[in-house]
Amino acid sequence: MKNKKRIIILILCILVAIIFCLVAFFIKNKASSNNESDNLSIEELIIEKKYKKTSENNELLNIFNSLKKYVYNTNRKGTNSFSKIELFSIAGYNVKEKDITNTKDEGDYTYGYINKELLDKQIADVFGKGKFIIGLDSENSKKTLNSGVFENAGDKFKNALLMEETKKQYYFRFYANEGTSACPKLKNIPIKLIEVRQIDNNILLVAKSVQTRVLETEDNQCSVDVINYTIKDPLDTFKVDMGEASYTVDIDKYIENAMDVYVLLKKENNGKYVFVESKIGE
C-alpha cells in the first residue's frame, strides 16, 4: 500500500514538472516571437512592414531635437560615434540662460552654476544611465566630459568649461561666441521628424533632411547650395553676405526631395527609450 502511494506521488511530481517545463517553454517562445525585431539591424528595421505608427511625445522629441544636429548629415552608432564635445553639447541641449545662476564676469569670461540634475537627467534620457558623465577628469576617462557648447543658452554662455563641481551643482567658465568675417554658418538644422514607428521594443524615428555646401564668391558674398547627395544637381542655390552671423534653410521647401534619416531607439529595462543608432537613407 505504501509503495503504491509512493508511486502515485512520484508520478504526480513528474507530471507537475512536465507541465511546468511546457508552460515555461511556451512562455519563452511567445516572448521570443513577440520580440524577434530586437535582433534586427537598423537596415532591416527600416524596411520592416510590421510596425505601428505612434504619436510624438515630449520624451521622443527631446531625444530627436538633442541629436538632430549630429544625425541629419551623417550616420551614428552608439556614444563612441560622437566626439566628446558633441556628447557634452547633447547633454547640455536643454540648458537655457535662466538655468545659469550666481553668474559673475571676469575679463573675457563669465562664471556660473548649473544644477547637476539638468545635465545628468539629459544624459540618461538620451543615452541611458552610465554611458558617460560630466566631470573634471576628461583627459583620463573616455566616459567623462568637461567642455563643449550650450547651444540654447545664448551667445554669452554658449562655450562652457567645467571648473568645479559640488554635491548638487556644476560650476562653469563661459566665453561668448566670436564674430566672423568669413561665410556665415547654418543656424537651424534642416531636418524634420515626419513619422514615429514602433516595432516591438524598438522605436524608429523617420525624418527628412537636406545638407548645405557653402562657397565664397568674388563679390564679398557666399553661395549656399542646398543638396541631397543622391541627386546630382543642387536642390537650390542662394547667396548670403560674407560676415553675416548665420543663414537658415526652410526644410519644408525641399521636403519632397529631401533625404531620409532614421533614428533607432531601444527600450531599456526601466521602460524608457534611448538612442542606439542613426542612418541616412535615400
Side-chain angles (χ1 to χ4, degrees), residues 35-51 54 56-57 59-94 119-135 138-139 141-149 151 186 189-212 227-230 251 258-282:
N35 297 313
E36 288 177 355
S37 65
D38 287 354
N39 297 319
L40 297 181
S41 66
I42 188 170
E43 290 84 4
E44 292 170 318
L45 289 170
I46 288 170
I47 62 175
E48 174 61 55
K49 301 300 183 182
K50 297 179 181 179
Y51 63 83
T54 186
E56 303 169 1
N57 56 43
E59 177 185 356
L60 298 180
L61 286 175
N62 176 54
I63 295 174
F64 178 77
N65 289 329
S66 303
L67 293 169
K68 64 184 180 183
K69 182 177 180 179
Y70 308 103
V71 300
Y72 87 101
N73 61 356
T74 189
N75 297 334
R76 304 282 185 164
K77 188 172 183 178
T79 56
N80 290 335
S81 63
F82 299 89
S83 70
K84 285 192 171 187
I85 289 178
E86 288 173 339
L87 288 171
F88 182 97
S89 303
I90 293 167
Y93 180 80
N94 291 322
L119 296 175
D120 296 348
K121 183 178 184 301
Q122 176 72 350
I123 293 171
D125 287 347
V126 178
F127 295 107
K129 290 185 178 180
K131 296 298 183 181
F132 62 90
I133 61 171
I134 306 297
S138 64
E139 293 183 359
S141 173
K142 292 182 179 180
K143 287 189 175 183
T144 308
L145 316 172
N146 69 2
S147 65
V149 176
E151 59 181 279
L186 177 63
I189 309 303
I191 185 171
K192 183 176 183 178
L193 180 62
I194 59 171
E195 187 175 86
V196 180
R197 301 176 185 174
Q198 183 162 13
I199 310 167
D200 297 329
N201 289 326
N202 306 286
I203 281 185
L204 197 65
L205 305 178
V206 183
K208 292 283 188 178
S209 79
V210 292
Q211 301 179 33
T212 59
I227 56 178
N228 174 341
Y229 279 115
T230 64
I251 181 62
M259 299 177 295
D260 294 318
V261 178
Y262 302 94
V263 181
L264 176 60
L265 313 178
K266 282 191 179 291
K267 184 188 286 187
E268 293 198 312
N269 292 333
N270 59 9
K272 290 183 174 292
Y273 288 90
V274 297
F275 172 78
V276 175
E277 188 174 354
S278 69
K279 185 174 181 62
I280 296 176
E282 297 183 356

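For the single chain, residues carry numbers from 1 onward in sequence order. Predicted model only: the values in this text are computed from it and were never measured.
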[atom1]-[atom2] distance between [X] and [Y], expressed to the nearest 0.5 angstrom:
{"X": "Leu193", "Y": "Leu205", "atom1": "CG", "atom2": "CG", "answer": "5.5 Å"}
{"X": "Leu87", "Y": "Lys143", "atom1": "CG", "atom2": "NZ", "answer": "12.0 Å"}
{"X": "Thr230", "Y": "Asp260", "atom1": "OG1", "atom2": "CG", "answer": "9.0 Å"}
{"X": "Gln198", "Y": "Asn201", "atom1": "CD", "atom2": "CG", "answer": "8.0 Å"}
{"X": "Asn65", "Y": "Ile90", "atom1": "CG", "atom2": "CD1", "answer": "12.0 Å"}
{"X": "Ser66", "Y": "Asp125", "atom1": "OG", "atom2": "CG", "answer": "8.5 Å"}

Minimum heavy-atom separation for [X] to [Y], with atom names?
{"X": "Phe88", "Y": "Asn146", "result": "CE1-C, 3.8 Å"}
{"X": "Ala91", "Y": "Ile134", "result": "CB-CD1, 4.5 Å"}
{"X": "Ala258", "Y": "Ser209", "result": "CB-O, 3.4 Å"}

Under a 3.5 Å distance rule, please check whether [X] uses its side chain to pair with a backbone N or O of [Y] as donor and acceptor.
{"X": "Glu48", "Y": "Lys50", "result": "yes"}
{"X": "Glu59", "Y": "Tyr273", "result": "yes"}
{"X": "Glu44", "Y": "Ser41", "result": "yes"}
{"X": "Asn202", "Y": "Ile199", "result": "yes"}
{"X": "Arg76", "Y": "Ser81", "result": "yes"}
{"X": "Ser89", "Y": "Val149", "result": "yes"}

| message | Between Phe132 and Phe82, is the ring centroid distance below 6.0 Å? | response |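 No, ring centres 6.0 Å or more apart.
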
Report yes if the side chains of [X] and [Y] come closer than 4.5 Å at any heavy-atom pair, otherwise no.
{"X": "Leu204", "Y": "Val263", "answer": "no"}
{"X": "Phe127", "Y": "Ile63", "answer": "no"}
{"X": "Val210", "Y": "Met259", "answer": "no"}
{"X": "Ile133", "Y": "Leu145", "answer": "no"}
{"X": "Val274", "Y": "Leu265", "answer": "no"}
{"X": "Lys129", "Y": "Glu268", "answer": "no"}
{"X": "Ile203", "Y": "Leu60", "answer": "yes"}
{"X": "Leu45", "Y": "Leu264", "answer": "yes"}

Can you give the donor-acceptor pairs under 3.5 Å from side chains of residues 68-75 to other protein atoms, not counting sequence neighbours?
unit_1 : atom_1 : unit_2 : atom_2 : d
Asn75  : OD1    : Ile280 : N      : 2.7

**Message:** Phe64: which residues meet the ring-ring contact (aromatic ring centres under 6.0 Å, His included) condition with it, sequence neighbours left out?
**Reply:**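 Expected list: none.
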
Does Ile194 CD1 have over 12 foreign heavy atoms under 6.0 Å away?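 More than 12 within 6.0 Å, yes.
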
query: Would one find more than 12 heavy atoms of other residues, nucleotides or ligands at under 6.0 Å from atom CG of Asn80?
result: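 No, because the 6.0 Å sphere around CG of Asn80 holds 12 heavy atoms or fewer from other groups.
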
- Item | Ionic contact status for Lys279 with Glu277, cut-off 4.0 Å |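 A salt bridge is absent here (no side-chain N lies under 4.0 Å from a carboxylate O).
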
